[in-house]
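A short write-up of the structure that comes next.
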Amino acid sequence: MKYLKTDKQVYAAVQKELARQKDGLEMIASENYASQAVLEASGSVLMNKYSEGQIGKRYYSGNQFIDEAESLAIERAKKLFGAEHVNVQPHSGSQANMAVYLALLNPGDKILAMNLAQGGHLSHGSHLNFSGKIYKVAFYGVDKNTEEINYGNVLEIAQREAPKLIIAGGSAYARQIDFEKFKKIADAVNAKLMVDMAHFAGLVVAKLHPDPIPYADVITSTTHKTLAGPRGGFILCKKYLAEKIDKAVFPGIQGGPLENIIAAKAVCFAEAMKPTFKKYQQQVIKNASVLAATLINNGFELVSGGTDTHLILLKLTNLRLGGQQAEEILARVGIYTNKNLIPFDARKAADPSGLRLGTPALTTRGMKEKEMKIIGNLISELLKNHEDAIIQEKAKKQVAQLTHQFPIYKDLKY
Ligand code: DSN
């Protein structure tokens, strides 16, 4: 960062963030550490280029090498997921979702999606989001007893509400989703099926989660969660929707694509093709299940009683602790998590009754079952004794020990 050093203020912020990432336990389920190849592609001169349009059909000259990088991203994603058509231009997961709605719906059409308060996502029809303002929305949630999706109930709601689009996928659902069942529901009410696989895309690649490709008309995702790539979005769809989706992304909702990020997506897709990626995802799941078991052994309750994925939703209800406070207690010692609503939460989103945890980033550092037990016990001790300064000091030392034992970005010299 020879040149950034001249801007002392920005340089200092970047340096401190690098230190925070190296020295903390990153347990936010949607975060990960991108490889240095991904970081380099993201910071490359591809950033300078305007390339509105599609490969070979751009609105600016000089795009021959941009086309090369974007083709690599598209072809690799097609191969990785077995998709008929891919658009890698969405800047984010929310923009991928926005493009799908623009392609498939008219304002006022109805979407059926998972309730944000029970595991869904903001861009799946929340009244605070464009999706809930432009489209009509009906929601399904989880069963009160199992805290898992009740497909019979989803069918009933779909029959009653007659949505044009059904969305499967969310951001705080720890169980596998049955896309075959969702497809049957969509067919029964003549709706299209969209799967938002942003959280579990890496697990799909490794065949550790049901594959939405055979069932969904369209799939949206991000590249930076379990896929461990750059911050960005992409869309997979059936061939018959290709033109509509491409036009919805550009000129529908975006101007110039971020070609530096698209090149980084290409790198990420190549990394996900390596055999080591499957092993990594297997470890992500093993780690989540050991972490869940450790928390349960410490007397904690988990939403749906456990996890099948990279994600855990911890209930704080009997600790007399709000999610905001829990998040702060852990962040003070360098353990990063996020407060989250739990199904049928009596508290508000700003200070809910849950804490969401994930294992992708810790697994990228090389941590395994042994470390998950240590970390699970550490979290339990901290949350149960949150006023105990000695426990906090001990925890800080343990975090330092773990992060030194499992370094990240070893040769990243800023
Ligand atoms: N904000 C992401 C998450 O944390 O799950 C979803 O967009």
Side-chain angles (χ1 to χ4, degrees), residues 21 24-34 90-101 111 113-132 137 139 141-142 149 167-177 194-204 209 212 219-235 253 258 261 265 268 284 288 302-304 307-314 323-324 326-327 330-331 335-343 345 349-352 354-364:
Q21 290 188 19
L25 296 177
E26 187 48 72
M27 298 186 73
I28 293 172
S30 49
E31 294 186 9
N32 212 328
Y33 299 103
H91 300 330
S92 69
S94 283
Q95 297 220 255
N97 293 344
M98 186 186 245
V100 171
Y101 306 155
I111 297 171
M114 192 173 208
N115 196 328
L116 174 63
Q118 300 194 15
H121 187 257
L122 199 64
S123 64
H124 296 178
S126 159
H127 68 284
L128 300 169
N129 185 261
F130 78 91
S131 52
V137 195
F139 292 111
V142 291
I149 296 170
I167 305 175
S171 59
Y173 187 66
R175 296 298 180 176
Q176 290 189 347
I177 301 174
M194 168 182 139
V195 172
D196 182 339
M197 64 168 183
H199 262 271
F200 49 85
L203 305 179
V204 169
H209 189 286
I219 298 166
T220 59
S221 186
T222 57
T223 32
H224 51 273
K225 298 185 175 87
T226 43
L227 274 179
R231 183 160 298 276
F234 64 100
I235 304 173
I253 63 157
L258 309 175
I261 298 298
K265 287 174 191 172
C268 151
V284 165
L302 308 185
V303 171
S304 82
T307 181
D308 305 323
T309 63
H310 62 297
L311 179 159
I312 292 167
L313 199 51
L314 183 64
Q324 176 65 35
E327 183 187 293
L330 298 180
I335 301 177
Y336 301 104
T337 61
N338 72 280
K339 57 179 176 280
N340 214 101
L341 287 164
I342 58 171
D345 207 325
D351 190 15
L355 197 67
R356 192 182 63 159
L357 309 170
T359 53
L362 296 184
T363 311
T364 300

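Order of appearance sets the numbers: ligands from 1, and atoms from 1 within every ligand.
With rounding to the nearest 0.5 Å, the separation of OG in Ser94 from NE2 in His124 is 8.0 Å.
Side-chain contact, His121 with Asp196: no donor N or O sits under 3.5 Å from an acceptor N or O. Under the 3.5 Å distance criterion, with hydrogens and angles disregarded, no donor-acceptor pair is assigned to the side chains of Ser123 and Asn129.
Ring geometry for Tyr101 against Phe130 counts as tilted: the plane angle lies between 30° and 60°, on a 0 to 90° scale.
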Please report the C-alpha distance between Arg356 and Ser171 in whole Å, then the side-chain angles of each, then the deciding distance to 0.1 Å, and finally whether the side chain to side chain donor-acceptor pair (under 3.5 Å) criterion is met. CA-CA 10 Å; Arg356 192 182 63 159; Ser171 59; 4.5 Å; no

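In this structure Tyr33 satisfies the side chain to side chain donor-acceptor pair (under 3.5 Å) test together with Arg365, sequence neighbours excluded.
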Extract all N/O-N/O pairs under 3.5 Å that connect ligand 1 to the protein, and present each with both atom names and the distance rounded to 0.1 Å.
unit_1   : atom_1 : unit_2 : atom_2 : d
ligand 1 : 4 (O)  : Ser30  : OG     : 2.7
ligand 1 : 4 (O)  : Arg356 : NH2    : 2.7
ligand 1 : 5 (O)  : His199 : NE2    : 2.7
ligand 1 : 5 (O)  : Arg356 : NH1    : 2.9
ligand 1 : 7 (O)  : His121 : NE2    : 2.7

